[in-house]
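In this text, all values refer to a predicted model and were calculated from it rather than measured experimentally.
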Amino acid sequence: MAGGGFCRLPNGTVVVALTLTRPADGAGPHGGTGAGPGAPVRVLVHAANRARALTRLRNLGLRAVYLRGNDRPPTPDEVTAVLHHPDGLLWRAAPQAEPAGLPGLAPTSPPPSASPQSCQELWHPIRALLGPAGYAGPARPAA
């Protein structure tokens, strides 16, 4: 897991932001993001506390979800996006880091007019990440 974090809101709830890998059985050829299976995605969850936020993701079938540390907390824009969504669960492709250790391929400083999130895609509801059928629950053996 690349990074994640949380922030506590004044009303006592939390917003958890995690960078996860895209499931292999996501929607469509690339879910409209241009990123295939295994690509990093940023997931936002609004819940009463951190444990419930992670439980919401685990109940959707994302089993290996852990929050270790607070190295990449949600930005104010991410908090606003998740608070204005009725489900409180959003995702989009994670911002790609510049290639490290390869001088000459990436500019040393970004242009002053470009912000790191200026060309990001829009946020998607979580069901767009999980596929058209969504998550049906754990598989049960036939009786």
Side-chain angles (χ1 to χ4, degrees), residues 1-102 105-111 113-143:
M1 194 174 326
F6 69 96
C7 68
R8 185 166 300 280
L9 302 177
N11 65 355
T13 61
V14 296
V15 174
V16 174
L18 296 167
T19 303
L20 307 171
T21 56
R22 183 181 176 87
D25 56 349
H30 298 299
T33 66
V41 293
R42 183 85 163 159
V43 178
L44 301 176
V45 185
H46 180 226
N49 55 46
R50 285 178 284 175
R52 287 190 183 179
L54 298 176
T55 300
R56 288 186 73 184
L57 291 173
R58 290 182 186 125
N59 287 344
L60 292 170
L62 302 172
R63 294 291 179 212
V65 177
Y66 299 99
L67 182 61
R68 295 188 177 108
N70 198 18
D71 59 340
R72 294 202 50 214
T75 64
D77 290 338
E78 291 175 336
V79 172
T80 301
V82 76
L83 289 178
H84 283 84
H85 194 271
D87 292 340
L89 275 165
L90 297 174
W91 73 277
R92 73 175 171 194
Q96 298 296 322
E98 296 294 328
L102 299 175
L105 293 181
T108 56
S109 63
S113 63
S115 69
Q117 304 224 356
S118 63
C119 60
Q120 289 283 326
E121 65 177 294
L122 298 176
W123 290 99
H124 306 284
I126 197 71
R127 62 186 165 271
L129 180 67
L130 300 175
Y135 178 67
R140 290 185 169 161

Using every non-hydrogen atom in the two residues, find where [X] and [Y] come nearest and quote the distance to one decimal.
X: V82; Y: L89; result: CG2-N, 4.3 Å
X: D71; Y: G4; result: OD1-O, 2.8 Å
X: P74; Y: A17; result: CB-CB, 3.9 Å
X: P40; Y: T19; result: CB-CG2, 4.1 Å

From [X] atom [atom1] to [Y] atom [atom2], the distance as rounded to the nearest 0.5 Å:
X: H124; Y: L90; atom1: NE2; atom2: CG; answer: 10.0 Å
X: L129; Y: L60; atom1: CG; atom2: CG; answer: 9.5 Å
X: H85; Y: L44; atom1: NE2; atom2: CG; answer: 11.0 Å
X: E121; Y: W91; atom1: CD; atom2: CH2; answer: 6.0 Å
X: L83; Y: T13; atom1: CG; atom2: OG1; answer: 7.0 Å
X: L62; Y: I126; atom1: CG; atom2: CD1; answer: 6.0 Å

> With a 3.5 Å cut-off and no angle check, do the side chains of D77 and T75 form a donor-acceptor pair?
Replying inline: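 Distance-only check fails for D77 and T75.
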
> Hey, does the side chain of N49 reach the backbone of A51 with a donor-acceptor pair shorter than 3.5 angstrom?
Replying inline: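 Side chain of N49 to backbone of A51, a donor-acceptor pair under 3.5 Å: yes, one is there.
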
> Do any N or O atoms from the side chain of R56 and from the backbone of H46 form a donor-acceptor pair under 3.5 angstrom?
Replying inline: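 It does hold such a pair.
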
>> Once side-chain contact (heavy atoms from CB on, under 4.5 Å) is applied, do any residues pair with T21, and if so which ones, sequence neighbours excluded?
In response: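 For T21 there are no side-chain contact (heavy atoms from CB on, under 4.5 Å) partners, ignoring immediate neighbours.
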
> Regarding R58 and the six-membered ring of Y66, is the cationic atom NZ or CZ under 6.0 Å from the ring centre and inside 45° of its axis?
Replying inline: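 Judged by the rule, R58 and Y66 form a cation-pi pair.
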
> When you look at L18 and V45, which way does the side-chain contact (heavy atoms from CB on, under 4.5 Å) test go after all the steps?
Replying inline: CA-CA 9 Å; L18 296 167; V45 185; 5.8 Å; no

> So, do C7 and V79 sit near enough that their side-chain heavy atoms are less than 4.5 Å apart?
Replying inline: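 In contact.
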
> Are F6 and N70 close enough, and set up right, to give a side-chain contact (heavy atoms from CB on, under 4.5 Å), and what steps lead you there?
Replying inline: CA-CA 6 Å; F6 69 96; N70 198 18; 3.8 Å; yes

